[in-house]
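Notes for the one structure printed next.
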Amino acid sequence: MLELANTFHRSLNRLTNAEQTATKTIVVDYMSDPSRPGLSLHRVDKAREKNFWTIRVNRDLRIVVYKQGQKSVFCYVAHHDDAYSWAERRRFEIHPVTGAAQVVELVEVVREEIRPVVRAPERRGIFANEDRDYLLSLGVPATYLELLLQVDEDGLFELLPRLPEEAQEALVAIATGERPEPRPVMRIDNKADPFTHPDAQRRFWVASDEQMVAQALEKPWAEWLVFLHPSQRAAAERSATGPARISGSAGTGKSVVAMHRAAHLARQIGSGRILLTTFSKILSERLSEGMDTLLGSSSEARQRVDVVHLHAYAHSHASRLEPLAIADDRTIDDFIEHARRDLDGTITSSFLRAEWDAVVDYWGIKTFDEYKVIPRNGRGMALNAVLRRKLWDVFERVERQLARNELHTFGEVCDRLRQRIEQDETRPFSHVVVDEAQDLGPRELRLVAALAPTASRSLTFAGDVGQRIFRWPFSWLGAGIDVRGRSHRLKVNYRTTAEIRLLSDRLLPARLNELDEEPEDRAAVSLLHGPKPDLKGANDLAGEVKILAEWLIGLRERGFAPGEIAIFARTRRALQERAGTALERIGIGGTWLGPDNTHEDGKIILGTLHSAKGLEFRAVAIVACDDSLVPLQAALDLASEPDEKRLTHERELNLLYVGCTRARDQLLITWSGARSKFLDTVQ
C-alpha cells in the first residue's frame, strides 16, 4: 500500500510525456516490490525531514518519497537538483491541533530588535489582532504563526501557496470578511494515523494495489478525486427553509458543490430519488462520473441519484407514447416569415424571432391576454396594445403551424411534463440539484419546481450569472422560484491561476445584478499561481498565425500533451483561418469538438467559444479577438433595439469570459488588425 500526494501529481504534470511515462513505470514497480535493488533509494542527507528518500527514474529524474515503517508517500518528482532542493526545504508534520498530516515548507523568521528610544512606523498585519490558538485551530502550521501575524494583504497572497489547503482557505475567508469557526483542540493519539484525517485525505490518496496506482496516474488529480474543500462544505450541507442558490465566478467549484450536495442528500435520505441535472449532455456525463467517484458506482446511495440533462429528461418523459418531435431553428424562422404576411416593414423578422425567443416561447405564452401584460425585460421597444395585438396575430399563426406539423419546442416539452406531473400529483424526486442554473429559462425552472415536493432543501441551484451565454435574464420570482436570503457565494478559486483569474475578472463588472436580488460582489481569490496570460496582436492574419504557431511549439517543448491544449474563437471560420493554418504549419493534429463536446483523443482541441462551456484545459488560446469578431458584429446587427443590443453585448462579453476561464495554467489571446474593445479593461 502506498499514498500519492497532490504535490506529486502537480509535479508529474510538469514533466514531458516521456518523463511522465518513465515515472509512472517506477511507481508501479515500487508498488509491486519496494525492496527491488533497481529502484536505487537514497536518503536525502541535507533534509530536515529524515524520512525523505529519493528514487532514481533515469540519469537526472528523481522521485521524493516519504518513508516511515511500512508507509510510503510519493511527494514530488523533478530533475535531480530541483527534487533535492524541494525535499531540503520541507518536512512532514502532524498538526498540533487538528492532528492531520501536513507537508510544510520551512520558513525562516527574522526578528528585528528595535531600541525603545526609536519610534519606528508600525505596519500592522491583517492578522495582527488574531489569537494564536485560533489561527492554529484553522490548520496554520505553528512555524508560520509569527510570519502570519506580520503579513499584509499583498504578502498574504505570496504566502498562501506555502500553506496547507485548509489554512489557505480559512485565511482567505478572514481576509474577505468571514469568520471561520475555530476547530476544537483534538487529543493527538499516537496510535492514530494522521493521514486518515479529513484534511489530510485532501492531499494524500491511498492506493492498495498496482491497478489503483496505474488508474490514478492516468488522470490529473482533479479528475480522479473529487474534493470538497471546507469553504464549500457549508454550501453543500446547509439546511435551508426553501429553494437555495449557490453562486460563484468560474473555478470556485460550483459543480463540485452540486455533486457533493446530491451525494450528501443521497446518504441522508432513506427512500426517494434525487435528480442532479444541468443544461447539456456533456456536463451531465461529467456529473455522473463525479457521482460514481463520490458514492461508488454500485452503492445503494448512488442508485438513488439520477444524472441527466434537463431537456433529455423532459423529452423522454413528456409523452407516454413516444418522444415529441422538436422544431429546429430554421423551421421556426420559416414559420415566422410566412406568418408575418403584410406586417409593417419597420418590424423586422429578426425582431420577431427575438421576441419569440425572449418572450413568447421563453415564457410559454398561449393567449393574447397573457401577451399583452407580460413584462418584456430588456426588450427595449415599448409596445402599445395595438402593436401587441398585431404581433400576437403573427405568433398565433406560428403556434398553429407548429401544431399542424406536430412540432414542439423544448420549452413546450418542459411544460407538457410539468402539467402531467401536476395532474398526477406524484412528484418523481424528493430533491433536485441543478448545475449551471443560469442557462435555464422560466419554463425549465417551473419544471424543476414541479419535480420535487415543496419542502425545505428540496431544490438547490448552482450557477454564475457572469457565464450566462444561452438565455435571456428573467425574474425567478416570476417563474415561481424565490431564493432570496438563501444564497451562498463561493469566493475561492481552486482551478484557475491567480494571473488568469485576474485578467478574466477584469472583463466583467465587479458587481452584477440579478433581477430579483441585490447586486452580487464577484470578488474571488485563487490559490494557484502561474505565468501571466499572453495578449499578442499582429498587423495581419499571417502574423497572428505565426504567434499561435510559436506558442504551440513552446507548449510542445515544455511537455504539454495535445489533449491538454484547446484553441477557441468566436466563429468556426475565424478559427479555421488561424488555428487550422498554424497547426498545419507545425505538423500538429487538431480535432473539432462535436455537438456534445466530444473530440478525438491525442490532438489539440478546436471549438467555438460557445462549445467551451463547462470544459477545462491546461492551456487555452483564444484567437481572432478582432474588433469586428469579439463582439461579433453580425450578432449585434441582429439586435434591433438599444436594450436588445445591450443584452447581446453582455452575452458576447460573457462568452469571452467563459473562454478565458477554461484555461488552468496558460492563456494566450491573439488578434489581427484592430483588437477587441473588450480587451481594453485587461491591459
Side-chain angles (χ1 to χ4, degrees), residues 278-283 309-312 314-315 318 323-341 343 347-366 376 378-379 391-392 394-416 436 438-444 447 468-474 569-575 592-598 607-613 629 631-641 644-645 647-648 650-652 654-655 658:
T278 186
F279 74 97
S280 79
K281 180 180 178 181
I282 190 65
L283 289 181
H309 68 94
L310 191 62
H311 281 171
H315 197 216
L324 304 173
I326 304 298
D328 59 27
D329 286 341
R330 179 173 294 182
T331 299
I332 298 294
D333 287 339
D334 290 343
F335 286 173
I336 288 175
E337 194 63 36
H338 183 265
R340 64 171 293 135
R341 297 180 183 171
L343 189 66
I347 305 296
T348 65
S349 295
S350 62
F351 173 84
L352 292 170
R353 178 58 196 263
E355 187 79 357
W356 170 268
D357 288 339
V359 181
V360 178
D361 184 58
Y362 203 46
W363 285 94
I365 305 299
K366 295 298 180 184
R376 301 172 59 258
R379 292 293 295 134
L391 295 180
W392 180 250
V394 174
F395 299 131
E396 194 172 37
R397 294 184 194 114
V398 173
E399 295 277 11
R400 286 200 296 266
Q401 280 283 81
L402 288 168
R404 189 176 300 120
N405 289 273
E406 297 184 348
L407 294 174
H408 309 270
T409 66
F410 275 116
E412 185 179 356
V413 170
C414 289
D415 275 352
R416 287 278 191 103
E436 301 287 358
Q438 77 279 349
D439 278 316
L440 297 185
R443 299 173 94 172
E444 288 88 353
L447 171 59
R468 181 189 288 130
I469 59 176
F470 294 109
R471 295 293 187 173
W472 296 82
F474 67 96
R570 179 61 181 87
T571 68
R572 190 180 179 96
R573 178 178 178 180
L575 185 58
W592 288 83
L593 287 167
D596 295 319
N597 289 346
T598 55
T608 64
L609 287 173
H610 278 94
S611 67
K613 191 72 179 74
L629 290 171
L632 187 62
Q633 190 59 47
L636 296 177
D637 291 343
L638 287 175
S640 55
E641 300 300 320
E644 188 179 349
K645 287 183 180 293
L647 287 172
T648 303
E650 288 177 3
R651 288 165 72 173
E652 292 287 308
N654 290 352
L655 264 178
V658 166

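R572 forms a cation-pi arrangement with W592, by the criterion of a distance under 6.0 Å to the ring centre and an angle within 45° of the ring axis.
For the side-chain contact (heavy atoms from CB on, under 4.5 Å) test, residues two or more places apart in sequence or in another chain that qualify with D439 are F279, R468, I469, F470, R471, K613. Residues meeting the salt bridge (Lys or Arg N to Asp or Glu O under 4.0 Å) test with R651, sequence neighbours left out: none. Applying the side-chain contact (heavy atoms from CB on, under 4.5 Å) rule to R404 yields the partners R400, Q401; only residues at least two apart in sequence or on another chain are considered. In this structure, the side-chain contact (heavy atoms from CB on, under 4.5 Å) partners of E650, at least two apart in sequence or on a different chain, are R646, L647. Taking L343 as the reference, R340, I347, L352, K390, L391, V394 meet the side-chain contact (heavy atoms from CB on, under 4.5 Å) condition, with sequence neighbours excluded.
The minimum heavy-atom distance between S611 and L593, with the atom names listed, is OG-CD1, 3.4 Å. Residues E406 and A325 come closest through the heavy atom pair O-CB, 3.7 Å.
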Review item, side-chain donor-acceptor pairs of residues 332-339, under 3.5 Å, at least two apart:
from : atom 1 : to   : atom 2 : distance (Å)
D333 : OD1    : R353 : NH1    : 2.6
E337 : OE1    : S349 : OG     : 2.6

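In this structure the side chain of I326 never reaches within 4.5 angstrom of the side chain of L407, judged on heavy atoms. For the pair E436 and L283, the minimum side-chain heavy-atom distance is below 4.5 Å. Residues D361 and F395 form no side-chain contact, since every pair of their non-hydrogen atoms from C-beta on lies 4.5 Å or further apart.
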Steps toward salt bridge (Lys or Arg N to Asp or Glu O under 4.0 Å) verdict (E412, R443): CA-CA 8 Å; E412 185 179 356; R443 299 173 94 172; 5.6 Å; no

